[in-house]
Number of protein chains: 2
Amino acid sequence: MSERTVEEYLESIGALEERESPVSTSSIAQVLEVSPASVSEMLRRLLRKGLVEYHPYGGAALTEKGRRRFLELTRRHRLWEVFLNRYLGIGWEDVYQPACSLEHATSDLVAEKLGKFLDNPDVCPHGSPIPKSNLKRPKVPGIPLADLEAGQAGKMVCVVSESNSKFLRYLTSLGLIPGAKVKVLEKASFDGTLTIEVNNSTKAIGREAASLIMVEPV
Amino acid sequence: MSERTVEEYLESIGALEERESPVSTSSIAQVLEVSPASVSEMLRRLLRKGLVEYHPYGGAALTEKGRRRFLELTRRHRLWEVFLNRYLGIGWEDVYQPACSLEHATSDLVAEKLGKFLDNPDVCPHGSPIPKSNLKRPKVPGIPLADLEAGQAGKMVCVVSESNSKFLRYLTSLGLIPGAKVKVLEKASFDGTLTIEVNNSTKAIGREAASLIMVEPV
DNA sequence: CATAAGAATAAGGCTATCCTAAACAATATA
DNA sequence: TATATTGTTTAGGATAGCCTTATTCTTATG
């Protein structure tokens, strides 16, 4: 069983657990772009390896062992994102894919040294928390921008769709990057589209997009 | 066909071509630690892909296309070695393996930015030349230490067995690192064992080992 | 030049991962 | 509650890459 493949399954499951628990076969299939049948098969393998709990028709959940692997992978992924962004000058829109490849090629030693070199940062360029070597799942801070009411303001913390570089480029064009101050001027009653103020200019952003942006209310 | 596997074959063939041309099935099998039969099979696949020339029973040689891929991989490998050594503080004995993994996970963009970040170095921590983006195979400079005569001195340029960390540790203990000045005091007529002077102290080194160390005669 | 030794390939098999199509389970609806 | 819809698993099959064993080719030697 290729280590790489296993890791990709663990990552999907771990990420999906934030929203759905246990995680359904079809969600995993969609994220990994494989057939549901392949996922069923793989879940049985991961079960045998003690990485997930799994009951046919009952979805999957990471075991302690699986979760540990997942967090370590997330840590490596985000450390590489920091490196790519901070030292190689690659934009936050484009660091996800390369980090995805690099994380699977990172030994314990390199992960540790890389962490030290970067001064063990707390967040990746998208603002998402970087798990510590101590294995606790960090919680995604803040609430969705879409949940602010008209008149409320907040500070952007992170974005939770870091793999979508088109989306990130769009956010950049709006000035919506981690740390940015944003105020909701209006919410459309029809579909929730937001009128916001960023950098002293007024912009519009759809409900869908706004629900992927986490802010700290001010 | 996994990209990774293809790349590993190309690398073995490219490296072996320095000493043997065309490259025999069994040499590749030995380097990759797979059976000769598997190599035969793979060579047919690489042939179809236009990456090697290959005639059954006649060995293999990289095509222009194959050579380009090989040089690019070598470049990435050695750039990562420089990074691991210079920025993460990993010793030259230990940079080979991690670089081996990372090189296959490196996109064109990352390779280019990494090169710039490192200031496009000319050599890796083992002293081996780093191919330029312009695709010419760099010549390994110098001659084997084992070829110096008694009384001759030289400056160490590089080592050509960079994957053997035990060997590298041994060289470190002798003070034999790239740039070191070394003088041959005596060569045993029996088996060529050398008595050398490095850093004002006298050491012994076997013929085999000494043939892997390249020096520039002074 | 015949043959033995060594190298390479062919034949046949194994496993991991994926697929499609068909069967089956769970859920929502009438 | 019966049934339609949706989601999941099973069955059967493909391919990549590896293996072992048996055969074939090349080459070196008597």
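Each chain gets a letter, A, B and so on, in the order the sequences are listed, and its residues count up from 1.
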Atom-pair distance ([atom1] on [X]; [atom2] on [N]), nearest Å:
| X | N | atom1 | atom2 | answer |
| --- | --- | --- | --- | --- |
| B:E3 | D:dG17 | CD | C1' | 15 Å |
| B:E33 | D:dC19 | CD | C1' | 15 Å |
| A:L43 | D:dT10 | CG | C1' | 15 Å |
| B:E41 | D:dT15 | CD | C1' | 11 Å |
| A:H55 | D:dG7 | NE2 | C1' | 18 Å |
| A:Q30 | D:dT6 | CD | C1' | 14 Å |
| B:M42 | D:dT15 | CE | P | 16 Å |

Quick one: label [X] by what it contacts on the DNA or RNA (base, sugar-phosphate, nothing), any heavy atom closer than 4.0 Å.
| X | answer |
| --- | --- |
| A:R44 | sugar-phosphate |
| B:S26 | sugar-phosphate |
| A:S2 | sugar-phosphate |
| A:P56 | sugar-phosphate |

>> If you assign each of B:A37 and A:Y9 to its closest nucleotide in DNA chain C, which residue comes earlier from the 5' end?
In response: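 Final value for this comparison: B:A37.
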
> Which heavy atom of A:Q152 sits nearest a heavy atom of A:P217, and at what distance?
Replying inline: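 So the minimum-distance heavy-atom pair works out to NE2-CB, 4.5 Å.
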
Quick one: are [X] and [Y] in side-chain contact, heavy atoms under 4.5 Å?
| X | Y | value |
| --- | --- | --- |
| B:I196 | B:L176 | yes |
| A:E93 | A:F167 | no |
| A:F83 | B:Y87 | no |
| B:R69 | B:V6 | yes |
| B:P121 | B:L79 | yes |

>> Need two values: the first and the last nucleotide of DNA chain C, 5' to 3', having an atom under 4.0 Å from any heavy-atom of chain A.
In response: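 Answer, 5' to 3': C:dA16 to C:dA25.
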
>> What does the 5'-to-3' dot-bracket notation of DNA chain D look like when only Watson-Crick and G-U wobble pairs under 3.5 Å count, and pairs to other strands show as |?
In response: ||||||||||||||||||||||||||||||

> Side chain of B:S38: nearest nucleotide among D:dT9, D:dC18, D:dT10?
Replying inline: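 Nearest listed nucleotide: D:dC18.
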
> Does a salt bridge link A:R68 with A:E72, judged by any charged N lying under 4.0 Å from a carboxylate O?
Replying inline: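 No.
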
Is there a side-chain contact between [X] and the phosphate of [N], meaning an N or O under 4.0 Å from OP1 or OP2?
| X | N | answer |
| --- | --- | --- |
| A:Y54 | D:dT9 | yes |
| A:S24 | D:dG7 | no |
| B:R45 | D:dA16 | no |

> Taking atom types as modelled, is there a side-chain donor on B:Q97 or A:S107 under 3.5 Å from an acceptor on the other?
Replying inline: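 Per modelled atom types, B:Q97 and A:S107 side chains form no pair under 3.5 Å.
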
> Under 3.5 Å, is there a donor-acceptor pair between the B:W92 and B:T172 side chains?
Replying inline: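 Judged by distance alone, the side chains do pair up.
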
> CG of A:L51 to OG1 of A:T63: how many Å apart, nearest 0.5 Å?
Replying inline: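 Atom-to-atom, A:L51:CG and A:T63:OG1 are 5.5 Å apart.
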
